[in-house]
Amino acid sequence: NLTDRLNQALRRVRGQSHLTEKNIQEALREVRLAFLEADVHVGAVKEFIARVRERALGQEVLASLEPGQHAIKVVYEELTRMLGGDALLDPIPAGGLIVTMLCGLQGSGKTTACAKLALKMKNEGRRPLLVAADVYRPAAVEQLKVLGEKVDVPVFSQPQGARPEQIVERAMAFARAEGRDLLILDTAGRLHIDERMMDELVRIRKLASPQRIFLVIDSMVGQDAVRQAEHFNSRLDVSGVILSKLDGDARGGVALSVRHAIGKPIVFASVGEKPADFEAFHPDRMAGRILG
Amino acid sequence: FRGGLKLDDESLEQLEEILLAADVGMMTTQHLVAGLRERARRFRDKDVPADWAMNTLKELILDELQHETSAPALAENPPTIVLVVGVNGVGKTTAIGKLAARYVREGMTVLLIAGDTFRAAAAEQLAIWAERAGCEIHSAQEGADPASVVYDGLAHARRLGAHMVIIDTAGRLHTKTHLMAELSKIRRVIERDSPGAPHETLLVQDASTGQTGLVQARVFTEATQVTGVVLTKLDGTAKGGVTIAIRRELGLPVKWMGVGEKLDDLELFDPEAFAAAIFN
Ligand SMILES: Nc1nc2c(ncn2[C@@H]2O[C@H](COP(=O)(O)OP(=O)(O)OP(=O)(O)O)[C@@H](O)[C@H]2O)c(=O)[nH]1
Ligand SMILES: Nc1nc2c(ncn2[C@@H]2O[C@H](COP(=O)(O)OP(=O)(O)OP(=O)(O)O)[C@@H](O)[C@H]2O)c(=O)[nH]1
Ligand SMILES: [Mg+2]
Ligand SMILES: [Mg+2]
């Protein structure tokens, strides 16, 4: 693991009082390797290494720690800070209908995340309404209906032929009439480079004025995550990110890449296929995972 | 790279970054760059010609990918039985719809087996694809045992005189041992049903998958002898570079590529286009 590798790389530092450029060179190479293996974006790796080098250079090697452990401490702290740190969602003003919109690439886990979010919000005392605004994927509406039933949350849908914008408008009217206080919009998966589909999201956003726009990203994604995040964020100014499939073994470097690229918080982690497999994102746990 | 370029550390680093950005992974990138260095030796100390480095890397990548067994498998005596596997959300069900359409167009009688009995509305989704492709589908109740659905489906295929049977399975993370065991069980049911079956086991992978793709391939191959990869969502910006490592380590060729969400957005794998796209 990285601690062993850093200890190896820094074994010569023992007995010295300070870390120098020369002796952290090899350690930084190990960190770079670990990060690339964890799918951290090459640009984010560069930036991270520069920061760690700056922090580590000239630092006192604590007599109490192995030099490798000392380096790991710096890396871990810097990583946790970059992953979470100051990231908080602005509070939502009280009263009125809250609208939450989920978006992202095909197959990233949006529909499942909508149901999970609905369950969580319901357990926190809200009255959510799921909205099936994906009119493209075969049986998408059925899928959300089955999931809605599982978590005992109503699903608003329209017969085939309705456009997403119409569905959302009618859903808002329905929610107000039925006393639902939280609308969770499931949207179709789309490529970040599909201008027509990205325009559609912008139109839905204009209509619904969501207080929350969550970009759902599959934690297995490699270097492409930054492109995805940047495009979605530039068109929609997302509130935050939901990372899915964290119950897999992907090291999750995508978390650092996305934070670094768009500066938005990672808010939730989906950690399985069951409705309850959904939790708040923990930056420190993610840091440990990335470091392997 | 205009004019000549010194194959120095800086330009090598730039080339490395292109490969890494395409999800080629550290190990394979180092292997390719070592190959490049080797071939650069003939230039001794002169500058290498423009584009030479990139073209040589493309050639080295193609060397890794070319293989005579990349053609889709067909059984000597029908039906050809194809098992489709992979992790969640990569495009298995959609790929099956596209394959079905292709084979129907070639005049085959095709049967789809809805082996995903877990996912909400999975059978409904596959049924829509069967309708679009113009073929039959065998499905069961949600929650039914997938191995029995496959067993019954294969019997249905025989009654139908199907030339091609394509079996959909639930997405599953390779880290879930009980789900991988379920997949091995499904494979055994198919093996017992017909000699030489399944004739093809396709691992579907999303082109945006990072280094975990290699682990996926190892684990799925162990559970169910994968014979080829379907690389999906290549109509996006992802390059699918991890498939080079999969080819090197496991000998698994990419056989098909998904390039969109419509019925005919499936093409035979084109290694030249794949290699070129990495450098676009
Ligand atoms: N293991 C695991 N599977 C997940 C998780 N989240 C979603 N999935 C699975 O991933 C697959 C895709 O999930 P969907 O919710 O349909 O994804 P989507 O983004 O709505 O897909 P499209 O609408 O087609 O773009 C399904 O098989 C889900 O069960 C997770 O956290 N862990
Ligand atoms: N752009 C693009 N989208 C694709 C492609 N292949 C599949 N998709 C989309 O990816 C999403 C997931 O596809 P599915 O076929 O449901 O994936 P799956 O592997 O069967 O998913 P699970 O059964 O949940 O594991 C759908 O929205 C598809 O339309 C492709 O080649 N390009
Ligand atoms: Mg969906
Ligand atoms: Mg499926």
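The basis for the numbers below is simple: all heavy atoms, side chains too, and nothing from hydrogens, waters or symmetry mates.
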- Does atom CD of B/E249 have more than 12 heavy-atom neighbours, drawn from other residues, nucleotides or ligands, at distances under 6.0 Å? yes
Review point. Around A/E230, counting heavy atoms of other residues, nucleotides and ligands shown, do more than 12 lie under 6.0 Å from its CD?
Key: yes
Could you go through the side chain to side chain contact (heavy atoms under 4.5 Å, CB included) check for B/T237 and A/I193 one step at a time? CA-CA 8 Å; B/T237 50; A/I193 53 170; 3.7 Å; yes
For A/Q228 and B/S208, the nearest pair of non-hydrogen atoms, with its separation, is NE2-CB, 4.2 Å
Applying a strict 4.5 Å limit to non-hydrogen atoms, the region of B/Q205 in contact with chain A is neither
Heavy atoms of A/Q223 and B/L20 approach each other most closely as CG-O, 3.1 Å
Report, one line per pair, each donor and acceptor closer than 3.5 Å where one atom sits in a side chain of residues 112-127 of chain B; sequence neighbours left out.
{"from": "B/D116", "atom 1": "OD1", "to": "B/F118", "atom 2": "N", "distance (Å)": "2.9"}
{"from": "B/D116", "atom 1": "OD1", "to": "B/R119", "atom 2": "N", "distance (Å)": "3.0"}
{"from": "B/T117", "atom 1": "OG1", "to": "B/A144", "atom 2": "O", "distance (Å)": "2.7"}
{"from": "B/R119", "atom 1": "NH2", "to": "B/Q125", "atom 2": "OE1", "distance (Å)": "3.2"}
{"from": "B/Q125", "atom 1": "OE1", "to": "A/R137", "atom 2": "NH2", "distance (Å)": "3.4"}

Basic-acidic side-chain contact under 4.0 Å: A/K46, B/E17: yes
Turns out that what part of A/D247 lies under 4.5 Å from chain B's heavy atoms comes down to both
Cationic N near anionic O, under 4.0 Å, B/K239 to A/D224: no
| query | Do other residues, nucleotides or ligands put more than 12 heavy atoms under 6.0 Å from the NZ atom of A/K122? | reply | yes
Bottom line for A/H192: the part with an atom under 4.5 Å from chain B's heavy atoms is side chain
Assert top hit (heavy-atom pairs under 4.5 Å, partner chain A, pool B/Q216, B/R132, B/M26, B/M27) equals B/M26
Check your understanding: Stepwise, does the side chain to side chain contact (heavy atoms under 4.5 Å, CB included) test hold for B/E142 with A/V146?
Key -> CA-CA 11 Å; B/E142 199 170 297; A/V146 172; 4.1 Å; yes
For B/N88 and A/K245 the tightest heavy-atom approach is O-NZ, 2.9 Å
Counting heavy-atom pairs under 4.5 angstrom with chain A, the leader among B/V87, B/V90, B/V215, B/D235 is B/D235
Note to self: Take a 6.0 Å sphere around CZ of B/R37 and say whether it holds more than 12 heavy atoms from other residues, nucleotides or ligands.
What the structure shows: no
So salt bridge (Lys or Arg N to Asp or Glu O under 4.0 Å) across residues 22-36 of chain B, not counting sequence neighbours, yields none
Highest number of heavy-atom pairs under 4.5 Å with chain B among A/V254, A/L105, A/T111, A/L191 belongs to A/L191
Q. Should A/D249 and B/H174 be marked as a side chain to side chain contact (heavy atoms under 4.5 Å, CB included) after you check the CA-CA gap, both sets of side-chain angles, and the distance that decides it?
A. CA-CA 8 Å; A/D249 64 0; B/H174 53 286; 2.9 Å; yes
| said: With heavy-atom distances below 4.5 Å as the criterion, would you say the side chains of A/M220 and B/D206 are in contact? | reply: no
For residues 97-105 of chain B against chain A, heavy atoms under 4.5 Å, the residues are none
Applying a strict 4.5 Å limit to non-hydrogen atoms, the region of A/V42 in contact with chain B is side chain
**Report entry** Whether over 12 other heavy atoms sit under 6.0 Å from A/E47 CD
**Finding:** yes
Taking a cut-off of under 4.5 angstrom between non-hydrogen atoms, the residues of residues 27-39 of chain A near chain B are A/R32, A/L33, A/L36, A/E37, A/D39
Applying a strict 4.5 Å limit to non-hydrogen atoms, the region of B/V242 in contact with chain A is neither
So, the part of B/T175 with a heavy atom under 4.5 Å from chain A: the answer is side chain
Answer key: most heavy-atom pairs under 4.5 Å with chain B among A/K145, A/E142, A/E273 is A/E273
